[in-house]
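Per chain, numbering begins at 1; letters A, B, ... match sequence-line order.
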Protein chains: 2
Amino acid sequence: MVKPRVEQIADVAWELLDTEGEPGLSMRRIAAALGVSAPSLYKHVTCRDDIVALVQGRTLIEGAAVMRRALRRRSADPGLAAAMAYRRWALAHPAQYTLTYGQPLLRHLLPPGLEDQAAMVVVEHAGGDEITARLMFATAHGLISLELAGRFPDDANLDAVWRAAFGRAAH
Amino acid sequence: MVKPRVEQIADVAWELLDTEGEPGLSMRRIAAALGVSAPSLYKHVTCRDDIVALVQGRTLIEGAAVMRRALRRRSADPGLAAAMAYRRWALAHPAQYTLTYGQPLLRHLLPPGLEDQAAMVVVEHAGGDEITARLMFATAHGLISLELAGRFPDDANLDAVWRAAFGRAAH
DNA sequence: ACCTGAACACCGTTCAAGT
DNA sequence: ACCTGAACACCGTTCAAGT
């Protein structure tokens, strides 16, 4: 009833990103956290990118789930609520977010269909309009990545920016 | 009449990013391109971050200049023209763009006022409305970084998305 | 003032060898 | 089937030594 090693590796990788940030995702550190030597990881994973892809997959799935849950809560302004929930979740996992959106997706290492499935939430909420969906996705991503990079002044009213972008009144 | 070494370093760094991408920005490669050993760079620069900051500074200034030039051309839709010119320029220098916007700005190593001066173009074009300026900036950044990361399907009509975001009709 | 080679602590990855 | 230590080619950076 023990988890397969690949899943243990993914778990440890996710935790190391939470605690140590991006440098935590090294073969040697993951191995050390598992009480094993670095080369032995290669029995369960063909290279470091496999591990990056595992993290990217989890990030895509969790992010979509966060939005879906927020939409289901049916608040006064569900779109804004979903955007805000997604923002809060991304800020809580900066290293994972950056690893997933700040560099190319390792598509060939991802379970097929996973990317489309994660994108579905946004497209559905945009009523099937792909242009609107892509614009909403890009706007949220831009705001999050700039906030993560500390790119806005400390006194910037980012809530107001998010409301302007995603609030009911914005359309 | 030779350039100071720091400027030579910045020039070489910029070129290496154009030709080799992000891995090109290594102390050893910059040194080799200058025909010198890596340790000797430390006579002109205190650490690698100094070089990153030099590139970030150039990126901020050039990006702002690109927008300003496009706005001055006074086309039918100057806002859209400026956004498109900025997009085209960013896609032509992906490594520099990522180095400047994909990670924290090294503010303490940047000439004071440079960041604000570069941001001014957008704020001016937004008529001084900071919320709108930040939203436009984030939207453009989000679209560019997702496009650079190959995140949109090949058949995505990105021009239409940019028009929806920045076209005259969008307001 | 400017440069050098050797060295240190890190990477990802390979490989022969052990159980 | 799974793990090991040693090694290789890379990093950024330090330092004693040379001109």
Between residues 14-26 of chain B and DNA chain C, which residues have a heavy-atom gap below 4.0 Å? none
Kindly give the heavy-atom pair with the smallest separation between A/Gly57 and A/Leu110, and that separation in Å. N-CD1, 4.1 Å
So which nucleotide from D/dC2, D/dT13, C/dT13 ends up closest to the side chain of A/Lys43? D/dC2
Note: for A/His44 and B/Asp49 on DNA chain D, the residue whose nearest nucleotide lies more 5' is A/His44
Residue-phosphate contact under 4.0 Å: A/Arg29 side-chain N/O, C/dC10 OP1/OP2: no
According to salt bridge (Lys or Arg N to Asp or Glu O under 4.0 Å), does anything in residues 33-48 of chain B pair up with another residue at least two apart or in another chain? List the pairs. none
Starting from P on D/dC10, measure out to CE on B/Met27 and report it in whole angstrom. 18 Å
Enumerate the side chain to side chain donor-acceptor pair (under 3.5 Å) contacts for residues 59-71 of chain A, please, sequence neighbours excluded, ordered by first and then second residue. A/Thr59-A/Thr100, A/Glu62-A/Trp89
Pairs touching residues 11-41 of chain A that satisfy ring-ring contact (aromatic ring centres under 6.0 Å, His included), sequence neighbours left out: A/Trp14-A/His93
Whether the A/Tyr97 and A/His141 side chains hold a donor-acceptor pair (N or O, under 3.5 Å, no angle test) is what I'd like checked. yes
Only counting residues at least two apart or in another chain, list the ones meeting salt bridge (Lys or Arg N to Asp or Glu O under 4.0 Å) with B/Asp11. B/Lys3, B/Arg58
Please list residues of residues 31-42 of chain B whose heavy atoms come under 4.0 Å from any atom in DNA chain C, ordered by number; otherwise none. B/Val36, B/Ser37, B/Pro39, B/Ser40
What's the gap between C/dA7 and D/dA7 when it is taken at their P atoms, as a whole Å value? 16 Å
Reading DNA chain D 5' to 3', what string of ( ), [ ], | and . shows its pairs, if Watson-Crick and G-U wobble pairs count only when both distances fall under 3.5 Å? ||.|||||...|||||.||
For A/Asp155, which residues count as a salt bridge (Lys or Arg N to Asp or Glu O under 4.0 Å) partner, sequence neighbours excluded? none
I need the full list of side chain to side chain donor-acceptor pair (under 3.5 Å) pairs touching residues 20-30 of chain A, with sequence neighbours left out, sorted by first then second residue. A/Glu20-A/Arg29
Going by salt bridge (Lys or Arg N to Asp or Glu O under 4.0 Å), name the residues that satisfy it together with B/Arg107, two or more places apart in sequence or in a different chain. B/Glu115
Residues pairing under salt bridge (Lys or Arg N to Asp or Glu O under 4.0 Å) where one sits in residues 83-105 of chain A, two or more places apart or in two chains, turn out to be A/Arg87-A/Glu147, A/Arg87-A/Asp159
Using the side-chain contact (heavy atoms from CB on, under 4.5 Å) criterion, which residues pair with B/Ser37? Sequence neighbours excluded. B/Pro39, B/Ser40
Base, sugar-phosphate, or nothing: which does A/Arg28 touch, judged by heavy atoms less than 4.0 Å apart? base
